[in-house]
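Have a look at the structure below, then the notes.
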Amino acid sequence: MPAARPNLRTIADQLGLSVTTVSRALKDGPEVKPGTVAKVKAAAAEIGYQPDARGVMLRTGKTMQVCSILYSPEVGDYGDPGFLAQVESLAQGLEADHYTLVVLAQTSGEDPLVPVQKVHTQRMADAVVFSRTTLQDKRAKYCLQHDFPFVSFGRTELLTPHAFVDHDDEQAAYDAIKRLIEDGHRKIGMIDPHEALTFFGYRKHGARRAMMDSGLDPDSLIWMSSDVSVRAAREATTKLFTDQSDVTAIVCASQMTMIGALEALLELGMDTIRDGIGVVGFGGMPFRMLSKQKLTYYYQPQRHVGEVLARHLHDLMNGTAPEQLQTLLPYRRIDDLAAFREGEDF
């Protein structure tokens with residue numbers, strides 16, 4: 001016969017405390033002495049106590065879960081390692097509130113609203129996190145209309161304020177183009193996502209502003225649309241260098257786009273150092289396998305993004321106004337990725 005599952009009574013009997021005291025101690029109740037809190041938590045860890053999720057939901061109406069929507073661009077691609085780092089730090093950040101993180105996949109052909117509706121209507125989680133935002137994002141509209149807590153990884157232009165974490169893509173794109181121009185590049189290709197995504201607009205504005213500030217025609221930038229996947233970026237880069245033989249630099253919207261671009265250059269028999277090709281990438285993971293190629297990398301650790309997302313979720317679900325939970329994170333420019341990897345704890 002299987003052993004009975006440990007519960008609050010198990011801990012209370014073991015320590016000679018009341019069930020109420022044990023319950024309050026596990027919630028860090030201020031009315032319980034710190035020493036008692038420590039003893040109760042140690043005993044709970046020792047016997048493997050976990051709150052009964054069904055019981056919690058019946059008492060509070062809460063699932064004690066947060067759902068992060070994973071966009072999986074294509075089967076068989078590299079996926080997005082940055083997302084994994086974000087998920088890990090987000091999950092760790094939620095632990096203090098006794099929340100569990102669950103991940104729900106959204107396929108490339110699926111309406112982005114469907115997974116969010118599913119999470120809400122099926123009561124799969126108490127809040128949701130999603131990325132790949134658009135200016136009038138229908139997922140954000142849905143959550144606002146239904147008073148469903150969410151933090152987006154990306155901005156919108158909705159009139160109603162909402163919590164978000166985002167990268168400062170406009171300033172980073174501006175800096176990238178300015179530096180390339182200073183290095184003598186004039187024919188620059190931009191491998192970017194579809195125009196509907198909000199961060200494309202920020203990148204485009206920053207890049208064009210850099211061209212104008214340098215006295216160059218912003219319309220001379222060559223824009224190549226590519227989904228955020230290695231395969232799509234490889235195809236876009238191959239077409240770019242095949243159709244435009246005088247291109248000398250390429251700016252990639254993401255870490256996966258950067259890998260696809262480098263694969264294309266190698267397949268075309270080109271070398272970033274020998275041929276003087278400028279390659280700029282953006283991302284949240286310092287890739288080890290790129291050390292033999294010359295590239296500039298704008299880096300914002302995805303583990304840090306996850307930490308900020310967790311803090312915003314905590315504050316949001318504890319009553320903080322959404323307009324106070326809007327964080328724009330700057331990129332860090334890395335010119336020598338090999339040297340950076342030696343010293344970075346990633």
Side-chain angles (χ1 to χ4, degrees), residues 73 80 82 131-135 154-155 166-268 270 272 275-284 287 290 293-300 330-331 333-335:
D80 187 348
S131 60
R132 296 174 61 86
T133 56
T134 61
L135 295 179
R155 287 165 280 176
D166 201 4
H167 296 145
D168 192 352
D169 281 284
E170 180 176 344
Q171 183 56 41
Y174 176 89
D175 184 75
I177 297 299
K178 282 284 285 184
R179 298 289 190 99
L180 287 172
I181 293 171
E182 291 169 3
D183 289 342
H185 297 282
R186 293 295 180 270
K187 202 66 176 290
I188 302 170
M190 305 285 294
I191 307 294
D192 273 301
H194 302 297
E195 293 188 21
L197 297 181
T198 305
F199 84 97
F200 170 80
Y202 289 116
R203 287 174 55 79
K204 185 174 183 178
H205 187 266
R208 289 179 61 85
R209 184 162 55 89
M211 293 290 286
M212 290 186 287
D213 287 352
S214 301
L216 300 174
D217 181 5
D219 290 333
S220 66
L221 289 168
I222 305 169
W223 299 92
M224 301 293 293
S225 180
S226 167
D227 199 358
V228 185
S229 76
V230 173
R231 176 195 56 78
R234 184 171 61 243
E235 293 174 355
T237 304
T238 299
K239 179 173 174 55
L240 172 66
F241 280 89
T242 301
D243 296 346
Q244 306 280 344
S245 59
D246 54 347
V247 170
T248 63
I250 184 170
V251 180
C252 305
S254 73
Q255 52 206 8
M256 308 317 295
T257 307
M258 180 177 63
I259 292 177
L262 288 170
E263 286 187 358
L265 292 176
L266 292 174
E267 289 176 359
L268 292 169
M270 305 175 77
T272 58
D275 299 318
I277 301 171
V279 177
V280 180
F282 294 74
F287 291 98
L290 304 179
Q293 293 296 322
K294 170 65 176 175
L295 60 94
T296 299
Y297 195 45
Y298 286 82
Y299 177 57
Q300 173 54 243
Y331 283 99
R333 179 185 169 94
I334 303 164
D335 289 300

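All residue numbers refer to positions in the sequence shown, counting from 1.
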| Which residues share a salt bridge (Lys or Arg N to Asp or Glu O under 4.0 Å) with Glu235, sequence neighbours left out | Arg231

| task | Please list, chain by chain and in numerical order, all residues satisfying side-chain hydrogen bond (donor to acceptor under 3.5 Å, both in side chains) with Thr237, sequence neighbours excluded. | result | none

| Sequence neighbours excluded, every pair satisfying salt bridge (charged side-chain N to carboxylate O under 4.0 Å, His left out) that has a member inside residues 196-206 | Asp192-Arg203

| Does Lys187 have any side-chain hydrogen bond (donor to acceptor under 3.5 Å, both in side chains) partners at least two apart in sequence or in another chain, and if so, which? | Gln244, Asp246

| said: So, taking the atom named CG in Leu268 and the one named OG1 in Thr238, what distance separates them when rounded to the nearest 0.5 Å? | reply: 5.0 Å

| said: To the closest 0.5 Å, what do you measure between CE (Met258) and OG1 (Thr296)? | reply: 10.5 Å

| said: With a sphere of 6.0 Å drawn around CD of Glu267, does it hold more than 12 non-hydrogen atoms of other residues, nucleotides or ligands? | reply: yes

| Quick one: ring pair (Phe, Tyr, Trp, His ring centres under 6.0 Å) pairs with a partner in residues 189-225, sequence neighbours left out? | Phe200-Trp223

| Partners passing side-chain hydrogen bond (donor to acceptor under 3.5 Å, both in side chains) against Arg208 (at least two apart in sequence or in another chain) | Asp219

Identify each donor-acceptor pair in which a side-chain atom of residues 174-185 lies under 3.5 Å from a protein atom, sequence neighbours left out, and give them as a table.
from	atom 1	to	atom 2	distance (Å)
Tyr174	OH	Asp213	OD2	2.8
Asp175	OD2	Tyr298	OH	2.5
His185	ND1	Thr248	O	3.3
His185	ND1	Thr248	OG1	2.8

| What is the minimum heavy-atom distance between Pro193 and Leu197, and which atoms define it? | CB-CD1, 3.6 Å

| remark: d(Ser229 OG, Ile259 CD1) to nearest 0.5 Å is 11.0 Å

| task | Could you name each residue pair satisfying ring pair (Phe, Tyr, Trp, His ring centres under 6.0 Å) that touches residues 227-248, not counting sequence neighbours? | result | none

| message | For the CD1 atom of Ile188 and the CD1 atom of Ile250, what is their distance to the nearest 0.5 Å? | response | 11.0 Å

| field | Expected output: side-chain Gln300 to main-chain Pro330 donor-acceptor under 3.5 Å | value | yes

| Contacts of Leu135 that satisfy side-chain contact (heavy atoms from CB on, under 4.5 Å) - sequence neighbours left out | Glu157, Thr198

| said: According to side-chain hydrogen bond (donor to acceptor under 3.5 Å, both in side chains), who are the partners of Asp217, at least two apart in sequence or on a separate chain? | reply: none

| query | Taking C-beta and beyond as the side chain, do Leu221 and Val251 meet within less than 4.5 Å on heavy atoms? | reply | no

| said: Once rounded to the nearest 0.5 Å, what's the spacing between atom CE of Met270 and atom CG of Leu265? | reply: 6.0 Å

| said: So, taking the atom named CG in Leu295 and the one named CD1 in Ile277, what distance separates them when rounded to the nearest 0.5 Å? | reply: 12.5 Å

| Minimal non-hydrogen separation, Ser226 against Ala232, with atom names | OG-C, 3.3 Å

| said: Determine whether a donor-acceptor pair (N or O, by modelled atom type, separation under 3.5 Å) exists between the side chain of Thr133 and the backbone of Arg155. | reply: yes

| Is there a side-chain contact (heavy atoms from CB on, under 4.5 Å) between Arg186 and Ser220 once you walk through the steps? | CA-CA 8 Å; Arg186 293 295 180 270; Ser220 66; over 6 Å; no

| request: Check Phe282 against Tyr297 and note the closest heavy-atom contact, atom names and distance. | output: C-CE1, 3.8 Å

| query | Does the pair Arg132/Asp227 count as a salt bridge with the N-to-O cut at 4.0 Å? | reply | yes

| said: For a quick test of reading the model, state the closest non-hydrogen atom pair linking Tyr331 to Ala172 and the distance between them. | reply: CD1-CB, 3.4 Å

